[in-house]
J.: 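The structure follows.
Atoms considered below: every heavy atom in the structure, side chains included; atoms not considered: hydrogens, waters and symmetry mates.
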Amino acid sequence: MQHSIDKSLSEKLEERKVKNIWRSLPVQNKPIDFTSNDYLGLAQSEELFHAIQRKIESFPKTNGATGSRLLSGNSLYIEQVEKKLAHIFGSEATLIFNSGYSANLAVLSSIPQKGDTIIYDELAHACIKDGARLSLAKRFNFRHNDLTDLKQKIKHSQGKVFIAVESVYSMDGDECPLLELTLLAEEYGASIILDEAHSTGVMGKNGSGLAASLGSQDNIAVRIYTFGKAMGIHGACVSGSEVLINYLINFARPFIYTTAPSQHSVASIECAFDYLSANPSLQQILSGKIRLYLSGLQNLQNRTSSQSSIQTVIFPGVQKTKNAAAILQKKGFDVRPILYPTVPKQTERLRICLHTYNHEDEITALTDALNELA
């Protein structure tokens with residue numbers, strides 16, 4: 001049945017086809033994984049799987065939370081896990097969300113008020129930008145990791161100033177200059193909102209992220225941790241003061257008006273952090289794989305500078321990037337092209353994610369293939 005909106009939607013879709021930026025859902029054929037965010041291999045850990053199963057066997061046999069946490073969806077267990085997470089992240093309290101996206105929406109849409117200012121890194125994730133759009137505060141971006149530009153933006157801001165950044169950026173894999181940023185924020189009385197999505201698990205003791213690894217957690221007003229990447233499961237939490245968490249419970253619409261996570265989801269969070277605590281060598285193994293990759297591309301000019309699991313090689317132009325990805329995929333490497341509008345035009349790239357389970361010969365074969373493409 002053709003609906004009235006289909007014509008206009010089809011026109012917008014056709015524009016994407018013409019521009020060669022059409023998106024579709026891929027079906028994995030299980031080649032050598034250099035695409036997923038499963039940096040520590042926890043998503044495919046049988047040991048973790050069985051630990052989660054054992055945990056939920058001790059619970060009442062329920063499937064869903066049945067409602068929002070302010071109605072029927074809260075439990076003593078989820079509050080216990082939140083206290084455990086607060087201890088890991090070095091904060092007074094945490095609040096669990098169904099995803100990092102909803103956590104960022106909650107924070108940015110509810111805390112900054114009319115007359116305040118949100119300044120976010122230009123390469124910040126879409127959920128940070130969307131959360132800022134939902135706020136009544138004014139919003140500006142600043143040049144990526146450019147604290148001089150940020151300082152100028154702060155000087156021209158009104159009301160309370162909120163600086164939204166990421167620990168590790170998802171498209172370039174580079175880190176935020178967090179120590180310098182905290183000094184700048186302190187100088188101007190600004191509050192930092194830090195998305196630790198790609199540092200959760202891979203940095204800091206027990207996966208506590210970049211801020212905790214630097215001892216800067218107390219200098220950051222709000223931290224968002226995502227569990228769907230290196231932790232290999234699903235969900236997220238906001239970490240901070242008791243006042244912050246109580247504020248979100250009272251004012252954050254993405255928390256108030258959504259169904260709570262199931263017992264299985266909460267148990268998965270607890271078990272994943274328990275597993276990582278028992279296997280601290282995973283971080284060192286991953287670091288070794290990153291060093292091996294970088295050593296194989298020392299002379300490659302078109303790669304971005306990153307010491308994280310996320311590596312990129314720039315192939316300016318949509319078709320050029322697609323062609324490079326296709327060549328690697330034919331060799332058995334699951335490497336995907338990242339295209340405009342996800343990244344700016346002429347910065348199209350291959351995004352390569354490294355994992356603990358990537359064998360050394362696989363990484364060496366990939367770097368050889370990338371050197372041939374350059």
Side-chain angles (χ1 to χ4, degrees), residues 69-70 89 91-167 169-170 176-178 180-197 209-211 216-226 236-258:
R69 288 183 66 184
L70 288 169
F89 299 136
S91 63
E92 290 182 2
T94 66
L95 189 65
I96 289 177
F97 283 80
N98 288 313
S99 71
Y101 205 108
S102 63
N104 272 296
L105 290 186
V107 166
L108 285 154
S109 65
S110 67
I111 297 176
Q113 302 294 306
K114 187 175 182 180
D116 294 339
T117 304
I118 301 169
I119 312 175
Y120 57 87
D121 190 290
E122 65 180 345
L123 297 188
H125 191 269
C127 60
I128 291 175
K129 297 174 182 178
D130 288 351
R133 289 190 186 101
L134 290 172
S135 171
L136 296 177
K138 293 184 178 180
R139 64 183 189 274
F140 305 99
N141 66 23
F142 67 95
R143 288 193 295 271
H144 178 54
N145 279 348
D146 187 335
L147 299 189
T148 301
D149 186 44
L150 173 59
K151 186 174 182 177
Q152 292 303 313
K153 298 287 173 61
I154 293 174
K155 287 180 178 179
H156 293 90
S157 298
Q158 299 175 350
K160 294 184 180 68
V161 177
F162 298 88
I163 304 168
V165 294
E166 298 181 47
S167 294
Y169 286 87
S170 60
C176 166
L178 194 56
E180 296 88 343
L181 178 61
T182 56
L183 292 175
L184 179 63
E186 183 179 0
E187 179 182 354
Y188 287 92
S191 297
I192 298 173
I193 298 171
L194 178 65
D195 185 349
E196 297 252 27
L210 178 63
S216 297
Q217 66 271 20
D218 293 338
N219 298 320
I220 298 167
V222 186
R223 287 173 282 148
I224 296 99
Y225 293 89
T226 299
C237 77
V238 175
S239 179
S241 68
E242 291 275 6
V243 171
L244 168 69
I245 299 310
N246 283 324
Y247 181 90
L248 293 173
I249 291 170
N250 280 273
F251 291 98
R253 293 166 71 89
F255 175 82
I256 296 168
Y257 298 107
T258 195

J.: Looking only at atom types and distance, does a side-chain atom of T117 sit under 3.5 Å from a main-chain N or O of Q158, one as donor and one as acceptor?
T.: yes
J.: Donor-acceptor pair, distance only, cut-off 3.5 Å: does the side chain of D121 make one with the backbone of N145?
T.: yes
J.: Does the side chain of L134 come within less than 4.5 Å of R253's, by heavy atoms?
T.: no
J.: Once you round to the nearest 0.5 Å, how far does OG of S135 lie from CD of Q113?
T.: 7.0 Å
J.: For L108 versus A132, what's the shortest heavy-atom pair and its separation?
T.: CB-N, 3.9 Å
J.: Between L184 and I154, is any pair of side-chain heavy atoms under 4.5 Å apart?
T.: yes
J.: When you measure from the side chain of Q217 to the backbone of S91, do you find a donor-acceptor pair of N or O atoms at a distance under 3.5 Å?
T.: no
J.: Given L244 and I111, is the side chain to side chain contact (heavy atoms under 4.5 Å, CB included) satisfied, shown in steps?
T.: CA-CA 9 Å; L244 168 69; I111 297 176; 3.5 Å; yes
J.: Restricting to non-hydrogen atoms, name the atom on H125 and the atom on S170 that form the minimum distance, rounded to 0.1 Å.
T.: CD2-OG, 4.3 Å
J.: Aromatic ring centroids of H156 and F140 under 6.0 Å?
T.: no
J.: What are the two closest heavy atoms between V238 and I245, and how far apart are they?
T.: O-CD1, 3.6 Å
J.: List the atom of N250, the atom of I256, and the distance in Å for their closest heavy-atom pair.
T.: O-CD1, 3.4 Å
J.: With rounding to the nearest 0.5 angstrom, report the CG to OG distance, D218 to S241.
T.: 11.0 Å
J.: Could you tell me whether the side chain of S110 and the main chain of A106 form a donor-acceptor pair under 3.5 Å?
T.: yes
J.: What are the two closest heavy atoms between D149 and F142, and how far apart are they?
T.: OD2-CA, 3.3 Å
J.: Atom NZ of residue position K153 - does it have more than 12 heavy atoms of other residues, nucleotides or ligands inside 6.0 Å?
T.: yes
J.: Has K129 got a side-chain atom pairing as donor or acceptor with L123's backbone, closer than 3.5 angstrom?
T.: no
J.: Where do A236 and A103 come nearest, in terms of heavy atoms and distance?
T.: CB-CB, 4.5 Å
J.: Could you check if a side-chain atom of T258 sits within less than 4.5 angstrom of a side-chain atom of F97, using non-hydrogen atoms only?
T.: no
J.: Is any side-chain heavy atom of I220 closer than 4.5 Å to one of L178?
T.: yes
J.: Does R223 reach the main-chain N or O of F89 with its side chain, forming a donor-acceptor pair under 3.5 Å?
T.: yes
J.: Could you give the distance from CG (N104) to OG (S99), rounded to the nearest 0.5 Å?
T.: 9.0 Å
J.: Is a side-chain donor-acceptor pair under 3.5 Å present for S167 with E196?
T.: yes
J.: How many angstroms lie between atom OG of S157 and atom CZ of R139, to the nearest 0.5 angstrom?
T.: 14.0 Å
J.: Side chains of D195 and I193: does their closest heavy-atom pair fall under 4.5 Å?
T.: no
J.: Report the C-alpha distance between L95 and R69 in whole Å, list the side-chain angles of each, state the deciding distance to 0.1 Å, and finish with yes or no for side chain to side chain contact (heavy atoms under 4.5 Å, CB included).
T.: CA-CA 11 Å; L95 189 65; R69 288 183 66 184; 3.7 Å; yes
J.: If the plane angle is over 60° it's perpendicular, under 30° parallel, otherwise tilted; pick one for Y169 and H144.
T.: perpendicular
J.: So L150 and L181, do their side chains get closer than 4.5 Å, heavy atoms only?
T.: yes
J.: Just wondering, more than 12 heavy atoms not from E186 lying within 6.0 Å of its CD?
T.: no
J.: Taking D116 for its side chain and K160 for its backbone only, find out whether a donor-acceptor pair lies under 3.5 Å.
T.: yes
J.: Rounded to the nearest 0.5 Å, how far apart are CG of L105 and CZ of F255?
T.: 15.0 Å
